[in-house]
Every structure is written in structure tokens, then in C-alpha cells.
Amino acid sequence: MTNLKALLKNDRWIVPFLKNQHKGLLWSIILSFMTIFAAAGLMFISGYLISRAAQRPDNILLIYVPIVLTRGFGIARPIFRYAQRLVSHNWVLQFVSESRRRLYERVASSASKIRSKLQTGEVLSLLADDLDQLQNLYLRTLFPLGAGLVLYLVVIIGIGIFSWQFAIWWLIMLTVIMIIVPVISLLTNRSRIQRQKHLQAKLYADATDAILGLQDWISSGRQDDLVAHQGRAMKELARVKNKSMQFGWWRDFLIQLLALLLVITTLFWANSVFKNNQMAINYIAAFTLAILPLVESFTAVNQGVSEASFYEDSITRLNALPELVDKEPLEQQINGTDLKLINVTFSYDHKTVIDNLSLTVQKGEKIALLGRSGSGKTTLLKLITGDIKPDLGSITIGEQPINKLQNQLSKIVAILDQQSYLFDTTILNNVKMGNINASDDQVKQAINQAGLQPLIDSLPMGYQTQMQEAGKRFSGGEQQRFALARVLLQDSPIVILDEPTVSLDPKTEHEVLSKIFEVLKNRTIIWVTHHLTGIESVDHVYFLKNGQFSLADTPKQLKQNSEHFKQLLAMDDFQ
Amino acid sequence: MIDKRLFKLNGIISRLFTLTIMTGIQGLAILIQGITLASAIVNCWQGKPIKNALIAICIFAIAFIIRQLLVVIKNQFMSAYADNAVEIFRRQLLAKYTALGSTLTVEQGTGNAVTMLGVGLDNVKNYFQLLLIKLFDLAIIPWIILLYIFYIKWEQGLFLLLIFPVIIMFFIILGLAAQSKADAEFANFKNLNNRFVDALRGLPTLKQLGLADIYGGEIYNISEDYRKTTMRTLRIAMTSTFALDFFTTLSIAVVAVFLGFDLLDGHMTLFPALATLILAPEYFLPLRNFSDDYHATLNGKNALTDVLEMIDQPEMINKNSLNLESWSPNSQLSFKNINFSYDTQNVLKDITTSIHGYQKIAIVGESGSGKSTLLNLIAGFLQPTSGSIRINEQSLDHLAQKDWQKQFFYMPQQPYIFHDTLKHNISFYAPDATDEAIKKAVIQAGLSDLVSELKLGLETVIGESGRQVSGGQAQRIALARLLLDSKRKILLFDEPTAHLDIETEYDLKQTMTPIMSSRLVFFATHRLHWLDQMDYVLVMQKGEIVEVGEPRTLISNKNSRLNQLRYHLRGEK
């Protein structure tokens with residue numbers, strides 16, 4: 001309970017939106033209430049109608065109003081319901097639009113330019129799913145709850161008009177049905193839902209293990225183990241789910257019993273109040289029959305509230321996103337484009353990843369950076385692009401500290417990584433993203449320079465071909481060339497190549513690499529590579545080990561003097 | 001709504017029979033509940049003392065409770081059956097998956113196969129648990145009520161009977177219209193929804209290009225387009241429920257008004273009229289409940305069809321034709337005129353070769369030359385389209401043989417790491433291995449550094465959502481698996497080091513070389529430095545073996561295909 005309170009108190013995603021967009025919310029709840037009201041009204045008025053008609057009044061006009069009202073409620077209920085569904089969906093989708101923008105802005109402000117090995121994409125899809133989840137929080141929990149509370153008020157006031165004693169009886173009953181039972185089921189279900197989510201994740205992991213590791217299960221002859229292994233989580237999940245379902249079924253049963261109690265007591269009450277009046281006696285049927293349609297709302301409130309803790313994780317995750325920070329708006333003047341790292345140290349999780357490292361890359365110089373995974377290559381690139389700040393030491397470009405250049409960095413540093421992202425738009429637009437002020441001719445020239453002209457000419461739609469469809473048709477080498485064209489258009493003096501050819505076959509790798517070094521010959525290049533193909537194109541080679549350079553020299557010198565380098569070089573061929 | 005194969009399931013007939021009886025009792029309870037409530041109200045209306053109605057009220061309460069109790073009992077009853085059925089399906093599915101092996105993921109896609117085990121079986125469970133109940137409610141309860149209304153007043157009964165198909169017809173027609181509208185907008189939908197995820201996934205690139213800040217507005221616009229498209233579809237989609245709602249509530253209103261007129265004219269008394277009025281909503285209730293879950297019904301039915309189809313898939317036959325105790329220095333494997341086609345394309349052509357004992361065979365060639373396909377054929381993951389295979393004088397159709405699978409260890413480019421402890425990952429092929437043996441394998445596979453780096457050592461959970469291991473470490477874990485299962489004398493390597501950084505590759509080669517001795521090795525690669533460890537090399541081009549020989553001999557011949565490949569891979573002409 002305290003957790004829930006804390007969650008709501010610190011919430012920045014649900015509550016503020018409810019406040020800002022209260023109009024649509026209000027309508028949605030009102031329409032939702034009107035739907036139930038019309039359903040109850042239909043039974044009320046038709047109960048009255050036939051009772052009155054059974055008294056055989058002399059003139060049909062005497063029952064004219066109930067007849068019209070009966071038809072009216074009959075038509076009104078479906079219309080209210082239809083309108084309610086449209087309004088609430090529209091409102092929820094507005095929430096999604098607004099939240100998506102917020103989510104994007106928050107993620108964007110803290111995202112890094114250098115892709116990490118960890119699947120950031122997965123994390124982001126998770127957040128996107130969270131937003132989708134929240135739609136259900138509104139549709140299934142908050143709207144029925146709101147409508148239920150309005151109903152609560154209206155019913156009690158309505159009965160209070162006839163008798164305040166009986167209104168107190170209803171007040172007690174409705175408090176039990178609409179407040180006490182829902183709160184109890186929320187609290188009972190909470191731990192069960194957490195357990196259920198945990199098991200569901202486990203089941204998914206197990207299924208992935210079963211399918212992706214299928215060959216290993218078969219080869220090792222452990223098919224039976226697979227069946228047993230898979231079964232445990234599934235059985236446990238079924239057990240937990242059954243428990244919550246059992247709870248739900250008996251809870252609904254209890255609500256029905258309470259409704260039964262209401263029907264019977266209302267019948268007795270109506271009998272005692274109305275029996276001595278020839279006209280009022282018709283209300284006995286009216287009041288008694290009107291209760292049954294209300295049960296639908298009772299159960300909806302209960303189901304919605306007990307599901308509420310399903311969304312806790314999603315809300316917690318979204319709230320954990322950082323708030324936006326304002327950036328320095330000013331552009332700094334830089335003096336040349338020399339990159340200097342002086343005595344840089346960076347630690348993460350009590351481990352020194354970059355250890356007192358110094359490096360100078362002059363304008364137009366080309367360097368290669370090698371190292372085992374975990375040696376600090378990615379961290380070094382993140383430091384250079386200002387994604388992370390060094391604990392000690394300084395990093396400057398053109399004598400300006402890198403953190404002051406964040407607003408203009410894309411004009412100074414371009415990055416070509418192993419999976420440069422191609423967006424779901426045309427080829428022309430994709431490349432143009434390198435410089436949105438470029439003319440179409442400049443874009444086409446960049447595409448041509450990247451060696452893509454023959455490919456463009458072979459496409460029926462040419463530059464206007466959509467990437468998404470084409471992405472599958474384009475090979476890895478072609479995709480990297482498109483990214484290269486984008487970098488060309490970006491026209492920044494420093495280019496970081498982050499293993500741009502790692503997923504390509506050797507022949508294509510050669511072609512793409514020689515193209516890269518051909519078209520970028522006037523720029524500074526920092527090239528992270530996993531092997532020595534094309535190493536002769538650079539001026540300096542640096543080997544990174546435990547956050548320091550273990551080996552650094554020109555390729556020519558290394559070839560002559562370093563045994564280690566010679567051994568590695570031999571790996572690229574068979575002599 | 002019901003797949004015929006459903007009736008072949010074990011025990012389903014008796015379950016459904018019991019369900020029918022319970023639903024019938026429930027129908028009667030609803031009827032009694034309506035009649036007694038009407039009579040109690042009429043009693044009061046007539047101004048008689050309420051104690052005259054006590055019996056009716058008691059019967060009403062009992063019928064009401066029986067009806068609600070049956071809801072719970074029916075749910076429990078079907079839920080138990082559903083759990084059981086799903087467990088049986090799960091076993092059958094996994095048995096089928098393991099029988100199909102890697103052809104499964106090729107034909108079904110990894111995602112589909114995973115989904116079927118998770119969401120698919122969940123939908124099947126729903127189908128058994130909820131939807132059969134609703135279907136049977138619909139098939140039984142309205143007709144019990146209708147019979148009674150016919151008995152009281154046949155005109156009202158006829159009206160309710162005739163309106164029923166009209167409602168269903170409108171529901172279906174409008175549902176179809178909504179479906180076609182949704183289909184028409186589907187591409188649009190998917191596009192808009194994908195673009196949000198697209199922007200999030202492409203975020204590093206947007207940051208690199210300095211566009212991240214201005215893209216927020218774009219996201220909003222895309223989402224608003226999405227909203228508008230969705231609302232256009234929803235407006236129509238919801239009309240089918242609207243029609244259902246409209247006709248049912250209006251029918252109740254119409255019945256009430258007609259009853260009013262009949263009463264006014266003295267054709268009827270209050271009791272039957274009130275009973276009819278109370279029962280009319282109950283008559284429509286099963287239909288409304290069913291239509292609310294209409295889409296879930298379809299999902300459940302489709303999931304069940306998919307699962308049943310998967311279970312009925314044909315398996316490879318003759319998996320036990322090979323009799324091989326263990327691969328020895330004298331064993332022999334030969335291929336004669338093997339062809340393999342995929343999608344009418346000839347991927348392997350006329351492969352003929354013979355291998356014996358503990359030879360080390362390199363399979364080299366450009367990407368797309370058929371190296372991996374040949375390796376998959378040797379592993380039995382694929383069946384040759386034509387040609388013959390022999391092992392030690394035994395003729396075979398394919399190598400998906402139980403006795404063959406016990407002999408080899410296959411090492412892909414990225415070995416799969418299970419979401420489990422490092423220890424269990426290592427001992428995957430030998431779950432009974434002693435701690436001693438595991439420690440030895442860790443040292444031999446070069447995993448000591450990793451183990452000492454981890455706080456929990458061998459008990460650390462690795463894989464997907466645990467601690468991530470690097471490519472080189474994954475290869476070493478696979479090697480340790482092999483080392484623990486010493487019976488396996490055949491090694492199949494598919495580009496194990498191509499994606500690793502060169503220093504890791506160098507280290508790994510030092511680890512792998514001693515493991516390869518006294519084993520038969522097939523090594524598909526374009527990293528030609530491995531040739532110094534090989535006895536023979538098969539040079540492949542466009543699905544054919546174009547050259548065979550010892551590496552040293554071939555390399556000394558300037559015009560050999562192997563040398564051509566070397567120049568080619570180095571980017572020379």
C-alpha cells in the first residue's frame with residue numbers, strides 16, 4: 001500500500017495528464033455512467049409501464065410518457081455506449097501521442113551517440129510497450145471506476161429522495177461493493193500479479209531457450225529434459241493464474257449475492273413504502289427491476305481495480321526516466337580541429353576502464369584503434385563524443401572542451417557505425433538527414449560518390465524508393481554505403497568509424513573500406529576495427545589493453561618491429 | 001466456430017456432455033428466477049401482504065444462487081480441462097519441435113515457434129476455458145427462455161425469435177465492413193506504429209546527425225496521424241457492437257411497450273407480462289457475452305488450428321537406419337553425386353567426396369558458395385535432394401541419424417548461450433559431469449579468466465537477461481561443452497572466428513588447435529589462416545567442389561583455385 005502511495009505521489013506520467021486533459025476524461029466518465037443509467041432506466045420505466053398498464057387506465061394518454069421514455073432509454077443506451085467508446089478511445093490515443101513525444105524527448109536527451117553492445121533497442125521497445133499498456137489502465141480501470149463512483153453518488157441521492165434510512169442501507173452496501181471489495185482484491189492480487197509477470201518472463205525466456213537452443217537440446221540427446229524444463233514454469237504459471245481466476249470468480253459470486261440482497265431488501269422496502277397508494281404501487285416493479293442492470297457496472301469496477309497493479313512496473317519504469325535538462329544554447333568558436341585527450345581516466349562500477357590515457361589526433365590524420373572486447377574501445381569513443389564525462393583529464397577539439405560543443409557536435413564529428421540506421425522513408429530523405437539544408441543535387445552527388453549510382457539506376461523508383469521495403473533487398477554492403485553517403489553530406493572534419501564492416505563478407509569489406517578511405521581522404525579518421533584488413537590506409541595504429549595503449553606506432557614500423565603485430569598480420573592470410 | 005479435430009481430443013466428449021447438462025440446469029434456474037421474482041412483485045402489486053410472497057422470494061433467491069454457483073463451477077470445470085489439454089499440446093509441440101530440428105526455425109521462423117509455445121498455447125487455453133462456455137451458453141440458454149415465452153404469449157416469442165437472426169446478420173455484415181476498412185488501413189496502421197519504434201531504435205543515429213532534438217515534433221505528428229487513422233477504423237468497427245446493442249435494448253423496449261398495450265386491452269395479466277419483461281434481457285445476454293469475446297474466440301480458434309497443424313506435420317523418416325557405435329580412425333564417410341535445392345534453386349551440385357578417420361577438412365570459398373549448406377548437410381540439418389551417402393558400407397538417405405548425432409559437435413558462428421548459470425551452460429552436453437571435470441574443461445577452454453572475474457564464479461547466471469558474454473567467450477563456452485563430452489569425435493565448425501576481433505581470434509586458435517587433434521574436423525571458413533591446421537581443403541564455388549587437395553600443394557601451384565580465392569579475398573584481381 002505504501003508503495004502504491006509513493007508511486008502515485010511521484011508520478012509524472014498519469015496524474016499530470018489527467019489534470020491537463022480533464023475535459024475528455026469527464027465526458028468519457030459521464031457517457032459511461034449514462035450508459036448504465038439508461039440500462040437501469042429502461043428496466044425501471046418498463047417495469048412501471050406494464051404495472052401501470054395492468055391497472056387498465058381509461059386513456060392511453062395516461063401511459064404515453066412511460067411509453068416514450070421506454071423507447072427513449074432503449075435507444076439511448078446503445079448510443080451512449082457507442083459515444084463513450086469513441087470518446088474514451090480518442091482520449092486515450094491523445095494520451096499516447098502526447099506521451100510518445102515526452103518519452104522520446106526524455107530518452108533522446110540521455111541517449112548516447114555510440115551504440116553499446118547491450119541491446120538498447122530492446123529497452124526502448126519495452127518502454128514503447130509500457131505506453132501501450134497504459135492505454136488499458138485508462139480503458140479498463142480508470143473509466144469504469146470513475147463511472148462507478150458517479151453511479152454510487154446518483155443512486156444514493158436518488159433513493160435519499162424517497163427515504164434517508166433506506167439510502168443509508170444502500171450507502172453501506174455500495175461502499176462494500178464499490179470500495180471495500182475492490183480494495184481487498186487489489187491488495188490480494190498484487191503479489192500474485194507480480195509473481196505472474198515474473199513467471200511469464202521466465203516462460204518467455206524458457207521458450208527462447210527451447211527454440212534458439214533447439215539444436216543443442218537435440219544434439220545432446222536431452223529432449224526429455226527440454227520437455228520437463230519447459231513444463232515447470234508453465235505449470236507454476238498456470239497454478240498462479242488459476243488462483244487469481246478462482247479469486248475473481250468467487251469475488252464476482254459474492255457481488256452477485258450482495259446484489260441479490262439488494263433486490264430482496266428493495267422489494268421489501270418498496271412494498272412497505274408504496275403499497276397503500278394506488279398510483280405509487282407501480283414503483284415496486286420499477287425499483288426492483290432496475291437493480292439487475294447495475295451489476296454489470298459493479299463487476300467492471302472490481303475487475304478493473306484488481307488488475308490495476310498490472311501497470312505498476314510500466315509506470316515505475318516510465319517515471320524512472322530522467323527529466324529534461326536545458327542545454328547550453330551557444331555555439332562555441334573552435335580553433336582548428338585537432339583532437340586532444342590529456343591524462344583521461346574513466347571508471348565504471350569500481351573498475352578503471354580508461355586509465356590515464358593521452359592521445360592527439362591532428363587534422364587530417366587517420367588512426368586505427370584495436371583491442372579485445374572489454375578493453376575500453378567503446379568507452380573511449382563515448383568519451384570522445386561527449387556521451388560520458390571523464391573522471392580526470394581533459395578532452396578537447398580545437399582547444400574547446402568537448403562538453404561545450406554538444407550542440408554543434410554533428411557539424412564537427414560524424415559517426416559511421418556497424419548498423420547505421422536507415423529510416424523508414426525514401427532513399428533521398430535518408431541521405432538528406434546528413435544535412436537537412438542540402439539541395440537535392442548535393443544529396444545525389446553524395447550518393448554517387450559513395451558508389452551507389454548503379455544501384456539507384458537499377459531501381460524503378462530511383463531515389464524515391466522506400467527504405468523499409470528496400471532494406472530487405474539491400475545487402476549489408478549497400479546499406480553501409482547509404483550511411484557513408486549520409487556521412488559525406490554531413491561534411492564534418494572528423495569521422496569516427498565504429499567497426500563499419502564487421503558484418504560484411506571479406507570481398508565486400510574490401511570494397512566498402514577502400515571506398516571509405518577514398519572519399520574521406522581529407523578528413524580526420526578514428527577507425528575502430530576488429531582485424532587488420534585495410535590497416536595500411538592509416539597513419540597510426542593503437543592497441544588498447546586494460547584502458548591503456550599497449551602498442552602504438554605506424555603500421556610500417558609495427559610490421560618491422562612488433563612480433564605481436566606480425567603474428568596478427570599472419571592471421572589475415574595463409575602463406 | 002468449432003474445429004472438427006476438437007472432438008478427437010481425449011475426454012472432450014464427456015466434458016462437453018457435462019457442460020451441456022450444467023448449462024441446461026443454469027437455463028432452468030434463470031427461468032425460475034425470473035418467474036418467481038415476477039410473482040413476488042405481482043403479489044405486492046396486488047396489495048397482498050408480503051408474507052404471501054415469502055415462498056416465491058425464497059425460491060427466487062435459491063435459483064439465483066444456483067445460477068451464480070454454476071457460473072463458478074463451470075469455470076472451474078473447464079479450466080481444469082484446459083490446463084490438462086494445454087499440457088498435452090505442449091508436450092506434443094515440443095516433441096514435434098525436437099523431431100523437426102532446425103528445419104522448424106527455417107520454415108516457421110524463430111519468432112513464430114516461440115510465440116506458439118507462449119501466447120499460442122495461452123489462447124488455446126482461453127478457448128477451452130472461456131469460449132466453449134460462452135458458446136454453449138449461447139446454444140442452450142436463450143432457447144429455454146424462448147420456449148417459456150412462447151408458452152405464455154406466442155406473439156412475443158415469435159418477435160424475439162425473428163429478431164435473433166436479424167441481430168446476428170447485422171453484427172456480421174457490419175463486422176465485415178469494419179474488417180475491410182481495417183484491412184484497407186492496415187498498411188497505414190503498421191507503418192505509423194512502426195515509425196515510433198523506428199525513431200527510438202534509430203536514436204543513436206539521430207544523435208549522430210544532430211537531429212534528435214527536432215524529431216520530437218515529428219513523433220507527435222506521426223502519433224496524431226496514427227490516432228486519426230485508428231479513430232476512422234474504430235468508428236466503423238464499433239458499429240457492429242452498436243448494432244447488437246441497439247437491437248437488443250430496443251427489442252426489450254419494444255416488448256415492454258407491446259406488453260403494455262396487451263395489458264391495457266386486457267389480453268393479458270400482469271404476472272406473465274412481468275415475467276416476460278424480466279426474461280427478455282436474459283434471452284439476449286448470452287449473445288452479448290459471446291460477441292464481446294468474438295475476437296478472442298477467433299484468436300483462440302486460430303491458435304488451436306495452428307497448434308494442431310504443427311502437431312500433424314510430417315517428420316523425417318528413417319532416422320534409425322545408421323548403426324554406429326563410435327567414429328574411429330577406420331571409419332569412412334562418402335558422398336556421391338549429392339544435390340541440394342532450396343526454393344527450386346540448386347544450392348549444392350554434384351558433391352562427391354570421401355573422408356575417413358580423424359582427417360581435418362577445410363571447406364573454403366566466398367560467401368554464398370555453399371560452404372554452410374554442405375556443413376548443414378553433414379550435420380543432418382538438411383536432407384539432400386538426390387545422391388547417396390555411405391558410412392562404413394551403410395547406405396543412407398540423409399544424416400539426420402540418431403547414431404550420427406551422438407558423434408558430432410556443431411559449432412556455429414554464434415553458439416547459443418542458455419539463460420542459466422555458467423556451470424549449467426558448460427555442462428549442457430554432460431549434465432552429470434563432476435565439478436572436477438568442469439574445472440578442467442574451464443581451464444582447457446580458456447575460461448579461467450572469465451570465471452575468476454565473476455563474483456559468483458561458475459554459478460553466475462548468463463545469457464539473454466543475465467550477464468552478457470562476448471563473442472569470444474561464447475565460443476569458449478561451446479568448446480568447454482565439447483570438452484566435457486569426450487565421446488564426440490567429429491567437429492563441425494561454421495565460421496567460428498570470422499566476427500571476432502583479431503587478438504581474440506589469435507588466442508582462440510591457440511585453444512582450439514589441441515582440441516582438434518584425434519578428431520574428424522570439418523571447418524567451413526574464409527579465414528584462410530586456419531589452413532595451416534588442415535589436412536585437406538575443399539574449395540567451393542557456386543555450390544560445387546572445384547578443387548580438392550592438401551593445402552601446401554595447392555598453394556604452391558600459382559593457378560590453383562585456392563590461390564585465386566586468396567587473391568580475391570584480399571581484394572586483388
Side-chain angles (χ1 to χ4, degrees), chain A residues 46 49-50 53-54 67 70-71 74 77-78 81-82 85 89-90 93 97 100-101 104-105 108 111 113 115 121 124 128 204-205 207-209 211-213 215 218-220 223 227 238 249 253 256 260 271 275 281 284-285 288 372-373 410 415 421 423-424 433 505-506 510 530-531 568 571 574, chain B residues 41 44-45 50 64 68 72 75 83 94 98 101 110 113-114 117-118 197-198 200-205 207-210 212 216 219-220 223-224 227 231 234 238 242 245-246 249-250 253 256-257 259-260 263-264 270 273 367 405 416 418-419 429 470 501-504 526 528-529 531 569 571:
Chain A
S46 43
L49 167 67
I50 57 172
I67 286 178
T70 302
R71 287 180 181 148
R77 183 190 176 274
R81 184 158 180 240
Y82 183 64
R85 291 178 75 185
H89 277 88
N90 192 34
L93 288 169
S97 297
R100 280 183 169 183
R101 169 160 62 186
Y104 172 83
E105 281 168 352
K113 300 168 207 81
R115 256 172 239 278
L124 295 174
Y204 182 77
T208 315
D209 269 1
I211 305 300
L212 291 179
Q215 199 49 58
I218 300 171
S219 297
S220 60
Q223 287 94 329
V227 175
W249 294 332
F253 178 72
Q256 295 281 1
L260 173 68
N271 185 54
K275 71 175 169 196
I281 206 159
I284 297 176
T288 315
R372 292 184 176 86
S373 66
S410 65
I415 300 164
Y421 204 85
F423 291 87
D424 183 15
M433 289 173 86
D505 68 87
H510 271 290
H530 71 297
H531 55 211
L568 297 182
M571 303 279 288
F574 171 62
Chain B
I41 293 173
C44 297
W45 179 78
I50 196 144
F64 189 95
Q68 298 302 339
V72 178
N75 278 329
D83 281 339
L94 282 175
T98 50
T110 318
V114 173
L117 265 184
V197 181
D198 196 45
L200 285 182
R201 287 185 175 243
L203 199 51
T205 305
K207 292 279 273 193
Q208 292 164 14
L209 297 171
I219 298 272
Y220 183 74
S223 301
E224 281 294 276
R227 176 175 68 83
M231 289 312 296
L234 278 183
M238 286 172 181
F242 171 72
D245 243 12
F246 183 76
T249 9
L250 197 62
V257 171
L259 288 172
L263 287 163
L264 203 61
L270 180 61
S367 60
Q405 271 169 354
Y416 185 71
F418 291 90
H419 180 248
Y429 279 70
S470 70
D501 69 86
I502 195 157
E503 289 173 279
T504 305
H526 60 241
L528 296 184
H529 65 86
L531 289 183
L569 290 178

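Chain A is the first sequence line, chain B the second, and so forth, proteins listed ahead of strands; every chain is numbered from 1.
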Over all heavy atoms of both residues, which pair between [X] and [Y] is shortest? Give the atoms and the distance, please.
X	Y	result
B:M238	A:Y82	CB-CE1, 3.6 Å
B:T249	A:G74	CB-O, 3.5 Å
A:M571	B:I502	CB-CD1, 3.9 Å
A:I284	B:C44	CD1-CB, 3.8 Å
A:R81	B:D245	NH1-OD2, 2.9 Å

Considering only heavy atoms, which portion of [X] lies under 4.5 Å from any heavy atom of chain B: side chain, backbone, both, or neither?
X	answer
A:T208	both
A:L49	side chain
A:H510	side chain

* Contacts of type salt bridge (charged side-chain N to carboxylate O under 4.0 Å, His left out), residue A:R71, not counting sequence neighbours ->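 Expected list: none.
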Look up atom [atom1] in [X] and atom [atom2] in [Y], then write down how far apart they are to the nearest 0.5 Å.
X	Y	atom1	atom2	result
B:L117	A:Y204	CG	OH	11.5 Å
A:T288	B:W45	OG1	CH2	14.5 Å
A:I50	B:L259	CD1	CG	5.5 Å
A:Y104	B:I219	OH	CD1	6.0 Å
B:F64	A:Q256	CZ	CD	4.5 Å

* Asked: Donor-acceptor pair, B:K207 side chain versus A:A108 backbone, under 3.5 Å?
  ->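 Confirmed, B:K207 side chain pairs with A:A108 backbone.
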